[in-house]
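Only a predicted model underlies this, so the values are computations on that prediction, with no experimental measurement involved.
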Amino acid sequence: AGVAFEGMPAVRIVSTEYSDDPDSYETTGAEYYRTPLYPRLRRIGVEIDVTGDDAYHRVETYDPFVLRRFNLSAGQDFFHAFGIREETTRDGGLSITELDSDTTITFLGIESVTVPAGTFDACRMEVVAKSVTTDESFRVFHLVTEWIGVDNGMLIKARGPQSTTELVSASINGKDL
């Protein structure tokens, strides 16, 4: 059966992740990608449910998409700019945030990574993102190391300055990983 996001045909990747930061939480999310998946992942949207003290539901859409390239050699990078629209529901209220993001991603190589969901060969990427709200009232800088599954395009692990997120379980278009 076909999958769609915002009316566009897509591949749906569902995952459960946990974070080890002091305000530990669990995230269940669905990511939507344009097809075909390789050699570039083009993420068009995400639906996220976060549990814990600060529980919320968020839908993010990207304009045009978030790009991850897999045709790089170790040490090569690429730049990508895109827009983000976040619709967050928390405690019954809805907030909408629009951001512009400038991102540089460097491919560091392929490594074996073990997380609760298993052991995976993964592309290690360094992600440097600078995002600002469209009204310039809020700016954020992210420096994250990501491990993306070689065989599936899944985010296996992410490590930032204050927390690490690891994949617990996942499926692609309903098929378990």
**Item:** Option passing side chain to side chain donor-acceptor pair (under 3.5 Å) with His57 (candidates Thr88, Thr89, Asp49)
**Value:**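 So, applying the side chain to side chain donor-acceptor pair (under 3.5 Å) to His57 and each of Thr88, Thr89, Asp49, only Asp49 qualifies.
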**Of Thr114, Ile148, Asn152, the residue whose pairing with Phe120 passes side-chain contact (heavy atoms from CB on, under 4.5 Å)** = Asn152
So which atom in [X] and which in [Y] form the shortest heavy-atom distance, rounded to 0.1 Å?
{"X": "Gly75", "Y": "Thr106", "answer": "O-CG2, 3.9 Å"}
{"X": "Ala170", "Y": "Met154", "answer": "CB-CE, 3.2 Å"}
{"X": "Ser169", "Y": "Ala117", "answer": "N-CB, 4.1 Å"}
{"X": "Pro64", "Y": "Phe82", "answer": "CD-CB, 4.3 Å"}
{"X": "Ala10", "Y": "Asn173", "answer": "O-OD1, 4.4 Å"}
{"X": "Glu60", "Y": "Ile48", "answer": "OE2-CD1, 4.1 Å"}

Within the structure provided, determine whether [X] and [Y] are in side-chain contact (heavy-atom separation under 4.5 Å).
{"X": "Tyr32", "Y": "Glu47", "result": "yes"}
{"X": "Leu155", "Y": "Glu146", "result": "yes"}
{"X": "Thr133", "Y": "Thr97", "result": "yes"}
{"X": "Asp54", "Y": "Arg90", "result": "yes"}
{"X": "Tyr62", "Y": "Ile84", "result": "yes"}
{"X": "Leu41", "Y": "Arg43", "result": "no"}
{"X": "Thr103", "Y": "Phe78", "result": "no"}
{"X": "Tyr33", "Y": "Ile172", "result": "no"}

**Prompt:** With distance as the sole test, does Thr16 use its side chain to make a donor-acceptor pair with the main-chain N or O of Val168 at under 3.5 Å?
**Reply:** no
**Donor-acceptor contact below 3.5 Å, side chain Asp100 vs main chain Gly83** = no
**Request:** Please assess Glu126 against Thr104 for the test side-chain contact (heavy atoms from CB on, under 4.5 Å), listing each intermediate value before the final yes or no.
**Result:** CA-CA 8 Å; Glu126 179 182 80; Thr104 300; over 6 Å; no
Straight-line distance of [X] [atom1] to [Y] [atom2], nearest 0.5 Å:
{"X": "Arg85", "Y": "Leu99", "atom1": "CZ", "atom2": "CG", "answer": "11.5 Å"}
{"X": "Ile96", "Y": "Glu86", "atom1": "CD1", "atom2": "CD", "answer": "11.0 Å"}
{"X": "Arg159", "Y": "Thr165", "atom1": "CZ", "atom2": "OG1", "answer": "11.5 Å"}
{"X": "Tyr56", "Y": "Thr51", "atom1": "OH", "atom2": "OG1", "answer": "10.5 Å"}
{"X": "Arg68", "Y": "Arg42", "atom1": "CZ", "atom2": "CZ", "answer": "14.0 Å"}
{"X": "Leu108", "Y": "Cys123", "atom1": "CG", "atom2": "SG", "answer": "10.5 Å"}

**Item:** Heavy atoms of other groups near Asp135 CG, more than 12 under 6.0 Å
**Value:** yes
Cluster link [X] to [Y], ILVMFWY, side chain under 4.5 Å:
{"X": "Leu167", "Y": "Ile110", "result": "yes"}
{"X": "Val127", "Y": "Val140", "result": "no"}
{"X": "Val115", "Y": "Val150", "result": "yes"}
{"X": "Ile13", "Y": "Leu67", "result": "yes"}
{"X": "Met8", "Y": "Val3", "result": "yes"}

**Asked** Which class fits the ring pair His80 and Phe65: parallel under 30°, tilted 30 to 60°, perpendicular over 60°?
**Response** parallel
**Message:** If you apply the rule side-chain contact (heavy atoms from CB on, under 4.5 Å), what do you find for Ile44 with Glu6, and how did you get there?
**Reply:** CA-CA 9 Å; Ile44 55 176; Glu6 301 284 319; over 6 Å; no
